[in-house]
Every structure is written in structure tokens, then in C-alpha cells.
Number of protein chains: 2
Amino acid sequence: MSLRNQIRKGSTEILILTLLADQPMYGYLISQELDRRSGGYFEMKEGLLYPTLHRMEKEGLLRSEWQKTDSARRRKYYNITSQGREMLATQSADWQLFIRKLQEMLSDTDGLGAAQTAE
Amino acid sequence: MSLRNQIRKGSTEILILTLLADQPMYGYLISQELDRRSGGYFEMKEGLLYPTLHRMEKEGLLRSEWQKTDSARRRKYYNITSQGREMLATQSADWQLFIRKLQEMLSDTDGLGAAQTAE
DNA sequence: GCTAATACATAATTTAGTGATGTATAACAG
DNA sequence: CTGTTATACATCACTAAATTATGTATTAGC
């Protein structure tokens, strides 16, 4: 996968990997934590979250297990795999580079002054 | 459009707006300049570039005019509109916020230590 | 004269993300 | 104890960003 393809995936994967790198979590908790930790900025809809978790497990980045407690509401806990940790490191580096490159482009004026603005 | 929707669009629009804020350019030159200024990092395929330029013109962010010189190869020059400049300012702010929020999430460890890694 | 670069464009396909809906259990308020 | 809200999982139809492939035409260079 190319650098830009990973960026194209947006922040979804890296956010999930980041949360799970700290501790195992189930889907609903992931969405709550994302919302809480980002002050409401990162919300992840269920229609994106669950299919993404399934895909990431299929790719070997995560591993899931149903909670075995009997009385509680069923919860599928996701653990990050070593492959997932590698991916997190890769994607973090990719994002850092992307951010640096974008900042460079945004701040890069060629000194010719602004072009005329069409109406 | 929500903040995250703009981010979801990727860097395509903001890169085009940034280049055109300096000077009018035609499509082919935009792709060359992106490549050159980013040291090969940002390449924009024709299948993305041209439809995006058309869409942005339709949305009023750009205005195009065919070059009137007779001997030269035909070139469609794009100028940024005042609406385009507003959009550039908006999207720059959106990206700065997104980057800050993402950095916060990536650096935010809860002090509990890493979770076990599943194999 | 042939090939590569310039310069535009569209069409088919893939896939990230949205919005809607469905199921089931637990907690809570009236 | 009954209706509503929150928890917790999931899938489906749709939208649209990006890739890949293809097409047309002109100009430059070997």
C-alpha cells in the first residue's frame, strides 16, 4: 500500500490502533473513548466502526474475543496484535511525514505575491 | 459540510487552492508543480486532477479560461475566486485543528502502560 | 518518421465513509 | 410495570474520493 493510500483511509485505522495499544476495548467503548478523549472532535459512526474492526481483524492487526461473563451484556473485546503495533508505528511515521509535507506546501509562497482573484 | 468531511476529501482541494492562490495555472502545470515542490511526495493523477478542477469550478472556487494564443498548445488556465480564497482559509484552519487533535490522540497515553499484545 | 512529452478529458472500478435500520438486553423514570 | 433511553452488536444501500485505463491531439526531439 502506498503512503498516500494509507492517508486516504483517513484517521480511522490509526485512531483505533492507538486506543487499543493502551488496552483491549470493545467497539462501543472505542467510539465512546474517541469522543471523550478528543472533546467530541473524533466521532466514529457505527456503520464505519464495526466493518473497520472486522476488516482489521481479518488483516491480522487485531484479535477479538467475546467476554465470557454470563450476566453482563455481550461485549466483543479487541486486542492489538504485534502486526497491529507494527502498523501503528508505520502509520504514525506516515502521518508525521504527510503533516510535514502539507505544512511545507501551505507555508510555501513563491514570493511573487498573490495572483489576481477572479470573481 | 462537517469538519471531518472536508478532511475526508484528502489534501486534493487544499493543495490545488494553495497553488492557485499564488498564480493562475493550467492542469498539467499544477500536477508538475505539486510533484516538484513536494519533492515527489504529492503526485496527482490525471483521473483525479481534471474531474476535481471541474467540480471546484462548478462550486465557484475556481474560474477557468482557455489561453488565447494561437500557435501554442491549448491550455485551460484556472484562477482562484474570492470564494476559493475563503475556502482555502477555512480548510487551512480545519487542517490545523485536525492535525492538532490527531497529535493529541497519538501522544495521549493514559499512564496505565501498554496492553498485552495478542498474536 | 517515430517516440516521448505535453495537455486535455472521460469511463469503469474500488473502497472509505454516511445514514438508515434491525436486534436484543439493561437501566431508569413516571 | 411500562415506555423510553442507553448499551452493544451488526448489516445494507448509497455517496463520492481516488485509482487505473483509455482516448484524442499537438509539439519536441532523435
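Lettering follows sequence order; numbering is per chain, from 1.
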NZ/NE/NH1/NH2 to OD/OE distance under 4.0 Å, B/Arg36 and B/Glu43:
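No salt bridge links B/Arg36 with B/Glu43.
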Next on the checklist: Closer than 4.0 angstrom, basic N to acidic O: yes or no for A/Arg75 and A/Glu65?
Outcome noted: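 No, this pair does not count.
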Practice problem: Name all residues meeting the side-chain contact (heavy atoms from CB on, under 4.5 Å) criterion together with A/Gln96; count only those two or more places apart in sequence or in a different chain, and write none if there are none. | Solution: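 Residues passing side-chain contact (heavy atoms from CB on, under 4.5 Å) with A/Gln96: B/Gln103, B/Leu106.
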Counterpart residues, side-chain contact (heavy atoms from CB on, under 4.5 Å), relative to A/Leu49 (two or more places apart)
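Expected list: A/Ile16, A/Ile30, A/Ser31, A/Met44, A/Leu53.
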request  = Return the set of residues passing ring pair (Phe, Tyr, Trp, His ring centres under 6.0 Å) with B/Tyr50 (not counting sequence neighbours), or none when no residue passes.
outcome  =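 For B/Tyr50, no residue satisfies ring pair (Phe, Tyr, Trp, His ring centres under 6.0 Å) once neighbours in sequence are set aside.
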Which residues in residues 56-64 of chain A have at least one heavy atom lying under 4.0 Å from any atom of DNA chain D?
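Nothing qualifies; none.
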Expected string for nucleotides 4-10 of chain C under the B/S/- scheme (protein heavy atoms, under 4.0 Å, primed atoms plus P, OP1, OP2 as sugar-phosphate) is -BBBBBB
Query raised in the report: Between B/Arg55 and B/Lys45, which is nearer to the 5' end of DNA chain D once each is assigned its nearest nucleotide?
Result: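 Whichever sits nearer the 5' end wins; that is B/Arg55.
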task: Identify, with sequence neighbours excluded, every residue that meets side chain to side chain donor-acceptor pair (under 3.5 Å) alongside A/Glu46.
output: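 None.
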_Check: B/Leu61 main-chain N/O paired with B/Thr81 side-chain donor or acceptor under 3.5 Å_ =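 Pair found, side chain donor or acceptor close to backbone of B/Leu61.
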Exercise for review: Output yes when at least one side-chain N/O atom of B/Thr52 is less than 4.0 Å from OP1 or OP2 of D/dA17, else no.
Suggested key: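 Checking B/Thr52 against D/dA17: no side-chain N or O falls below 4.0 Å of OP1 or OP2.
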Would you check if A/Lys101 and B/Phe42 make a side-chain contact, meaning some heavy-atom pair closer than 4.5 Å?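 With C-beta onward as the side chain, the pair touches.
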